[in-house]
Amino acid sequence: TPNYNVSYVNGKLTINKKAVTVTADSATKTYDGNPLSKSTFKNTALVSGHVITCSVTGSITNVGSVNNVPSGAKIYTNSNKTTDVTSNYNISYVNGTLKVTKASNASVTITASNKTYNGSSQTLTSVSASGVSSWTLGYTTSSSSTSPTWLNAKTNLTATNAGTTYYIWVKWTPDENHSNSDSGTKT
């Protein structure tokens, strides 16, 4: 080597972070009045033996959709979670979707009861409504009449005098969580 002038240049070795994607799971259900949430997720491959934890938040009760959002992932060398190696990973997140669809038809049930004259005004009807934002009762005193007298919204029919037969009508509007196919007027 006397004929050479040797110089040294240090090299650089780099360990790049491993990419991992965490995707929140999606879910769909028909409206039932209870919240929909899903806390599970999927992830791309980790180093063999490593485990991941992740928070997934999202909730919806009424018809519509929202994001199901993963966040705060932590990666450990084993299931005992003794050594956090999250800093060795480049974590990206993908939202899932939570969706609630409309329930079946809204329903209105009217219970009418005969009363015995007692000199006072008596309630002749009671209404049970499911999935209805508003309802209105009407009545006629003729079975052939198609033009009822409508009461105020959500008011039951009352009467005082004996001897009158009432034919009860109802009209309603489904709420935003039920299908509209059963709205309208029924006798």
Side-chain angles (χ1 to χ4, degrees), residues 19-46 50-76 79 81 86 89-114 122-140 143 145-158 166-187:
V20 63
T21 300
V22 176
T23 303
D25 288 336
S26 295
T28 299
K29 76 170 188 172
T30 301
Y31 174 79
D32 64 4
N34 295 309
L36 170 64
S37 60
K38 188 142 181 101
S39 60
T40 56
F41 62 91
K42 294 176 180 55
N43 57 274
T44 54
L46 303 173
H50 288 188
V51 296
I52 187 170
T53 62
C54 184
S55 174
V56 179
T57 56
S59 181
I60 185 170
T61 301
N62 293 322
V63 170
S65 63
V66 297
N67 287 332
N68 200 26
V69 182
S71 64
K74 295 284 185 184
I75 301 172
Y76 301 93
S79 59
K81 301 178 187 170
T86 306
Y89 287 87
N90 185 13
I91 302 171
S92 59
Y93 298 96
V94 177
N95 292 341
T97 301
L98 300 175
K99 182 176 182 180
V100 175
T101 59
K102 287 189 176 193
S104 61
N105 296 339
S107 66
V108 176
T109 302
I110 304 167
T111 303
S113 55
N114 293 322
Q122 299 181 68
T123 301
L124 303 178
T125 58
S126 66
V127 176
S128 172
S130 172
V132 173
S133 62
S134 67
W135 56 265
T136 304
L137 290 182
Y139 67 93
T140 63
S143 62
S145 176
T146 57
S147 299
T149 300
W150 294 104
L151 303 174
N152 292 328
K154 297 186 178 181
T155 301
N156 281 299
L157 178 63
T158 59
Y166 295 94
Y167 300 90
I168 309 300
W169 296 58
V170 64
K171 61 182 176 180
W172 68 92
T173 304
D175 65 23
E176 68 278 358
N177 294 311
H178 291 79
S179 66
N180 295 334
S181 62
D182 200 22
S183 63
T185 304
K186 301 286 183 187
T187 57

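Hydrogens, waters and symmetry mates are skipped; everything else that's a heavy atom, side chains included, is used.
Residues satisfying the side chain to side chain contact (heavy atoms under 4.5 Å, CB included) criterion with Lys42, sequence neighbours excluded, are Asp25. Under the side-chain hydrogen bond (donor to acceptor under 3.5 Å, both in side chains) criterion, Gln122 pairs with Asn118, sequence neighbours left out. Remark: Thr158 engages Ser121, Thr123 in a side chain to side chain contact (heavy atoms under 4.5 Å, CB included) (not counting sequence neighbours). Evaluation of the ring pair (Phe, Tyr, Trp, His ring centres under 6.0 Å) rule for Tyr93 yields no partner, not counting sequence neighbours. Looking at residues two or more places apart in sequence or on another chain, you find a side-chain hydrogen bond (donor to acceptor under 3.5 Å, both in side chains) between Asn156 and Thr125. By the side-chain hydrogen bond (donor to acceptor under 3.5 Å, both in side chains) test, Thr86 is found to be paired with Asp84, residues two or more places apart in sequence or in another chain being considered. Evaluation of the side chain to side chain contact (heavy atoms under 4.5 Å, CB included) rule for Thr28 yields Lys99, Thr101 as partners, not counting sequence neighbours. By the ring pair (Phe, Tyr, Trp, His ring centres under 6.0 Å) test, Tyr139 pairs with Tyr166, sequence neighbours left out. With sequence neighbours excluded, the residues that form a side chain to side chain contact (heavy atoms under 4.5 Å, CB included) with Ser26 are Thr97.
In this structure, the side chains of Val51 and Ile75 stay at 4.5 Å or more apart for every pair of heavy atoms. Side-chain contact between Val63 and Glu176 is absent, with no heavy-atom pair separated by less than 4.5 Å.
Contacts classified as side-chain hydrogen bond (donor to acceptor under 3.5 Å, both in side chains) and involving residues 56-75 (residues at least two apart or in different chains) are given here: Asn62-Asn177.
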